[in-house]
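To find a chain, count down the sequence lines: A is the first, B the second, and so on, and within it residues start at 1. No experiment lies behind these values; they were computed from the predicted model shown.
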There are 2 protein chains.
Amino acid sequence: MTKNDTIYTISDLAQRFDITTRTIRFYESEGLLSPERAGQKRLYSPRDYTTLKLILRGKRLGWSLAESRELIQMYNPAQNNQAQYQKVLERVQESRERLQHQLNDIEVMMLELDEHEDQVRQAMQKT
Amino acid sequence: MTKNDTIYTISDLAQRFDITTRTIRFYESEGLLSPERAGQKRLYSPRDYTTLKLILRGKRLGWSLAESRELIQMYNPAQNNQAQYQKVLERVQESRERLQHQLNDIEVMMLELDEHEDQVRQAMQKT
DNA sequence: ATTTAAGTTTACGTTAACGTCAACGTAAAT
DNA sequence: ATTTACGTTGACGTTAACGTAAACTTAAAT
């Protein structure tokens, strides 16, 4: 078993991801994180670390915290019966479709940028 | 010259893009659109149409209206000197880099979804 | 002539995602 | 023993991106 028992404090994570501790606590209050406690203090595991990474990646793609929370819950091994598993697979598929749509949008945007760069360069020539 | 003189009303556009007229007026108030007028009434050109398409594409990628506005202004042929042109080219490059970053994020997300689907399918077998 | 339908401006309301104090606890360093 | 650094829980503030409602105009249809 490879058990990584690294532990992060809240300011550790804040520094590593360049966010504020307020943000991290907010994510917890929204049900996206659930760190251990040592008394009052929060202790974050490698799992929390990757969850945070997932959240921020989602943000860069315009996903809401609610959507990221769904993803996170989906990744949590809390299911047991076939119906539950089936639902997870459907959610996975939905996420994939959304990502695919975003891929298309990016492609179109890139093409438009290419076109426009050409136009600008041509206009520069005539000067 | 191929001059397309189609004209859209505000509710035309609202229907076609499945948004509200309020949204369209809001975008105008934020400087993203500037339709012609016939008295009080707004008249939208094919150019406005594509601008709206750009805005909504941006939204699906998590771009703010301010960012889309920059893109739109960039696409507007209002520059004349070399320095201005150069700035536009820099902006184009920045946009491309952001899109490239988003592409990477999507790829990672897709891989994670693939992995998780495998895990779920394996768990289903054991039932 | 007057409904009806679509449009307009103005203004206040709402939600998500935090920011910004304030007031306090705790543990290590001087 | 008391700074100093880091943490905690409220609680109110802020911004972006619209929603919603009111009060009014205008053109077309009955």
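For A:Thr23 and C:dA17, the shortest distance from a side-chain N or O to OP1 or OP2 is not below 4.0 Å. Listed pair B:Arg42 / C:dT8 meets the phosphate criterion, a side-chain N or O lying under 4.0 Å from OP1 or OP2.
Rounded to whole Å, atom P of D:dA17 lies 18 Å from atom CZ of B:Phe17. Straight-line distance from the CZ atom of A:Arg37 to the C1' atom of D:dG7: 10 Å, rounded to whole Å. The interatomic distance linking A:Arg22 (CZ) with D:dC12 (C1') rounds to 11 Å, in whole Å. A straight line from CD of A:Glu28 to P of D:dG10 spans 12 Å, rounded to a whole angstrom. Following rounding to the nearest Å, B:Gln40 (CD) and D:dC24 (C1') show an atom-to-atom distance of 10 Å. Protein atom CG of A:Leu43 is 14 Å distant from nucleotide atom C1' of C:dA27, rounded to whole Å. Regarding A:Leu65, its CG atom lies at a distance of 15 Å from the C1' atom of D:dA16, rounded to whole Å. Residue B:Phe26 contributes atom CZ, which lies 17 Å from atom P of C:dT14 at whole-angstrom precision.
Of the listed nucleotides (C:dG19, D:dG7, C:dA17), C:dG19 has the atom at the smallest distance from the side chain of A:Thr20. Residue A:Thr9 has its side chain nearest to D:dG7 when only C:dT8, D:dG7, D:dG19 are considered. Between C:dG19, C:dT8, C:dA27, one nucleotide has an atom nearer to the side chain of A:Lys41 than all others, and that is C:dA27. Nearest nucleotide to the A:Ile10 side chain, out of C:dG7, C:dA17, D:dG7: D:dG7.
B:Ser64 comes within 4.0 angstrom of sugar-phosphate atoms only, judged by non-hydrogen atoms across all strands, and of no base.
Between A:Arg57 and B:Glu112 a salt bridge is recorded (basic side-chain N to carboxylate O distance below 4.0 Å). Between B:Glu70 and B:Arg98 there is no salt bridge, since none of the side-chain N atoms of the basic residue sits less than 4.0 Å from a carboxylate O of the acidic one.
DNA chain D is contacted by both A:Ser11 and B:Tyr27; A:Ser11 maps to the nucleotide lying nearer its 5′ end (nearest heavy atom per residue).
For CG of B:Asp18, the number of neighbouring non-hydrogen atoms (other residues, nucleotides, ligands) closer than 6.0 Å is 12 at most.
Between the side chain of B:Ser68 and the backbone N or O of B:Leu65, no donor-acceptor pair lies under 3.5 Å.
Shown here for B:Met74 and B:Arg91, the closest heavy-atom pair between the two residues is SD-CB, 3.3 Å.
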